[in-house]
Trainee: 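One structure coming up, written as structure tokens, with questions to follow.
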Amino acid sequence: QVQLVESGGGLVQAGDSLRLSCVVSGRTFSSRAMGWFRQAPGKEREFVATIDWSGDNTEYADSVKGRFTISRDNAKNTVYLQMNSLKPEDTAVYYCARGSFTSTSRSNYSSWGQGTQVTVSS
């Protein structure tokens, strides 16, 4: 069974940076798209970023475009989310997910991690 384990969350101040990592078990990592989603208290889980199997194609939510960068290292079975210029509204639990293709829709992703908390103070 595939397992996804996120790390790198924490408490930071507005304007700071964080890099989230997600390590995926299993031999099919390099052939699958990966995504990052986030969920703030009382809100729906929302799309943040996605990357295709090769790393050549990415897509971002408008709210993070220009500040966040998704990348992957297929040799390490790891996907990253570099978050710069963080804002208090970025506060949420961040989840990585594995899917068949790049998509902004949660329904495309069949495997999810447990999440890592990111808190941005003003």
Trainee: Ignoring hydrogens and geometry, is there a side-chain-to-backbone donor-acceptor pair from Arg98 to Met34 under 3.5 Å?
Mentor: no
Trainee: Is any side-chain heavy atom of Thr58 less than 4.5 Å from a side-chain heavy atom of Thr69?
Mentor: no
Trainee: Would you confirm whether Ser25, through its side chain, and Gln3, through its main-chain N or O, come within 3.5 Å as a donor-acceptor pair?
Mentor: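 Yes, the answer is positive, given that a donor and an acceptor are paired below the 3.5 Å cut-off.
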Trainee: Does anything in residues 111-122 pair up under side-chain hydrogen bond (donor to acceptor under 3.5 Å, both in side chains), and if so which pairs, sequence neighbours excluded?
Mentor: Glu6-Gln114, Gln117-Thr119
Trainee: More than 12 heavy atoms of other residues, nucleotides or ligands under 6.0 Å from NZ of Lys65: yes or no?
Mentor: yes
Trainee: Any chance you could measure Asn57, atom CG, to Thr50, atom OG1, to the nearest 0.5 Å?
Mentor: 9.5 Å
Trainee: Please identify each residue that fulfils salt bridge (Lys or Arg N to Asp or Glu O under 4.0 Å) with Arg38, with sequence neighbours left out.
Mentor: Glu46, Asp90
Trainee: Just grab all the disulfide bond (SG atoms under 2.5 Å apart) pairs involving residues 17-122, residues at least two apart or on different chains.
Mentor: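 Residue pairs with at least one partner in residues 17-122: Cys22-Cys96.
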Trainee: Passes side chain to side chain contact (heavy atoms under 4.5 Å, CB included), Thr91 versus Leu86? Steps please.
Mentor: CA-CA 9 Å; Thr91 295; Leu86 282 160; over 6 Å; no
Trainee: Using salt bridge (Lys or Arg N to Asp or Glu O under 4.0 Å) as the criterion, list what pairs up with Asp56, not counting sequence neighbours.
Mentor: none
Trainee: For the residue pair Tyr109 and Phe37, categorise the inter-ring angle as parallel (less than 30°), tilted (30 to 60°) or perpendicular (more than 60°).
Mentor: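 Rings of Tyr109 and Phe37: perpendicular, over 60°.
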Trainee: According to a 4.5 Å side-chain heavy-atom criterion applied to Ile, Leu, Val, Met, Phe, Trp and Tyr, with indirect links allowed, do Leu4 and Tyr80 form part of one hydrophobic cluster?
Mentor: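 Shared cluster, no.
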Trainee: Please check: side-chain N/O of Asn77 versus main-chain N/O of Val23, any donor-acceptor pairing under 3.5 Å?
Mentor: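 No, the answer is negative, given that no donor and acceptor are paired below the 3.5 Å cut-off.
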Trainee: Membership question, hydrophobic clusters at under 4.5 Å side-chain separation (ILVMFWY): are Val64 and Ile70 in the same one?
Mentor: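 Yes, it is one cluster - the side chains of Ile70 and Val64 are joined through contacts under 4.5 Å.
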Trainee: So do Val48 and Phe68 actually touch side chain to side chain, heavy atoms under 4.5 Å?
Mentor: yes
Trainee: So, Arg72 versus Asn74: side-chain donor-acceptor pair below 3.5 Å or not?
Mentor: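 Yes.
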Trainee: Kindly state whether the ring of Phe47 and the ring of Tyr60 have centres lying under 6.0 angstrom apart.
Mentor: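 For Phe47 and Tyr60, the ring centres are not under 6.0 Å apart.
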Trainee: Does the side chain to side chain contact (heavy atoms under 4.5 Å, CB included) test come out yes or no for Val79 and Ile51, once each step is laid out?
Mentor: CA-CA 9 Å; Val79 62; Ile51 188 168; 4.2 Å; yes
Trainee: If the condition is side chain to side chain donor-acceptor pair (under 3.5 Å), which residues does Gln39 pass it with, not counting sequence neighbours?
Mentor: Arg45
Trainee: Which atoms form the tightest heavy-atom contact between Thr102 and Ala33, and what is the distance?
Mentor: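 Thr102 and Ala33 have their closest heavy atoms at N-CB, 3.5 Å.
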Trainee: Any side-chain donor-acceptor pair under 3.5 Å between Ser105 and Ser103?
Mentor: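 Distance-only check fails for Ser105 and Ser103.
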Trainee: Identify each donor-acceptor pair in which a side-chain atom of residues 7-19 lies under 3.5 Å from a protein atom, sequence neighbours left out, and give them as a table.
Mentor:
unit_1: Asp16; atom_1: OD2; unit_2: Gln13; atom_2: N; d: 3.1
unit_1: Ser17; atom_1: OG; unit_2: Asn84; atom_2: OD1; d: 2.9

Trainee: In Å and rounded to the nearest 0.5 Å, what is the CH2 to OH distance from Trp36 to Tyr94?
Mentor: 10.0 Å
